[in-house]
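Predicted model only: the values in this text are computed from it and were never measured. Because only heavy atoms are used, hydrogens play no part in the values below, and waters and symmetry mates are left out as well, while side chains stay in.
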Amino acid sequence: MPKPLPSRSGLSFCGMHLEKSIIIVSKYSIKMKRVTGIGGIFFKCQDPEKMKQWYKTHLGFDTSQYGAKFEWQQAADATEKGYTLWSPFPDKTKYFDPSSKDFMINYRVENLEALVAALKEEGVTVLDEIETFDEYGKFVHILDVEGNKIELWEPAAKS
């Protein structure tokens, strides 16, 4: 079996978007990116519609039923666009369970199946099975060391 290599990390700036890619070298010396950026910020509030309207009126957010999309270009390929979603949820939502926090962060990943396999091997709590939605991509939820629910997202391939 090959000897493990150390992890490397790279940090690059792309306009207002900060993209941090960490390349993990597994015990088999296979390089795999894990998180490639922030896909969304989700938070609880008393009145999501009122909240969206306030942000639209006062801060210029272009809101929809899901919140607001902030588009940006990939650092590695400026012709490829991505986005970060800002999304208020009702304060009674169960979507963030089992976490007791009023927020959840969605992280973009490159290869969700390989990442989930590695996380399970590392003892990370994976809450559900990978779900695929044709228009959006693949999703799964995990817990961090403090019990915060995290959503991992591999965006759908461009066709």
*Do Met51 and Leu59 belong together in a cluster built from hydrophobic side chains that touch within less than 4.5 Å?*
yes

_Within the supplied structure, the quantity of interest is the number of heavy atoms (other residues, nucleotides, ligands) at a distance under 6.0 Å from Asp128 CG; does it exceed 12?_
yes

*Would you say Phe133 and Glu131 make side-chain contact, with heavy atoms under 4.5 Å?*
yes

*N/O donor-acceptor pair under 3.5 Å between Glu110 side chain and Lys33 backbone*: no

*How about Ser99 and Asp144: do any of their side-chain heavy atoms sit closer than 4.5 Å?*
no

*asked:* Are more than 12 heavy atoms, taken from residues, nucleotides or ligands other than Asp62, located less than 6.0 Å from that residue's CG atom?
replied: no

_Spacing of Gln65 atom CD and Glu49 atom CD [to the nearest 0.5 Å]_ = 9.0 Å

*Sort out for me which residue in Phe43, Phe103, Phe89 forms a ring pair (Phe, Tyr, Trp, His ring centres under 6.0 Å) with Phe96.*
Phe89

*In Å and rounded to the nearest 0.5 Å, what is the CG to CG distance from Leu143 to Leu119?*
11.5 Å

_Would you say that Leu112 contacts Trp153 through its side chain, given a criterion of any heavy-atom pair below 4.5 Å between the two side chains?_
no

_Within this structure, what is the CE-NZ distance for the pair Met104 and Lys149, rounded to the nearest 0.5 Å?_
5.5 Å

*Looking only at heavy atoms, which two atoms of Phe70 and Trp72 are closest? And how far apart?*
O-CD1, 3.3 Å

*Report the distance from atom CD1 of Ile38 to atom CG of Leu85, rounding to the nearest 0.5 Å.*
12.5 Å

*asked:* Show the nearest heavy-atom pair for residues Arg34 and Ala118, with the distance to one decimal.
replied: NH2-CB, 3.7 Å

*At what distance, to the nearest 0.5 angstrom, does NZ of Lys44 lie from NZ of Lys92?*
9.0 Å

_Shared hydrophobic cluster, Ile130 / Ile150 (ILVMFWY, side-chain heavy atoms < 4.5 Å)_ = yes

_Hydrophobic clustering (ILVMFWY, side-chain heavy atoms < 4.5 Å, transitive) - are Tyr83 and Ile105 grouped together?_
no

*Compare every heavy atom of Tyr66 with every heavy atom of Ser87, then report the nearest pair and how far apart it is.*
OG-O, 2.6 Å

_With no hydrogens and no angle check, just 3.5 Å: does a side-chain donor-acceptor pair link Tyr95 and Glu151?_
yes

*Determine the interplanar angle of the Trp86 and Tyr55 rings, folded into 0 to 90°, and report it as parallel if under 30°, tilted if 30 to 60°, perpendicular if over 60°.*
tilted

*Taking all heavy atoms of Pro88 and all of Cys45, pick out the closest pair and write down the distance.*
CB-SG, 3.6 Å

*Report the distance from atom OH of Tyr107 to atom OG1 of Thr36, rounding to the nearest 0.5 Å.*
12.0 Å

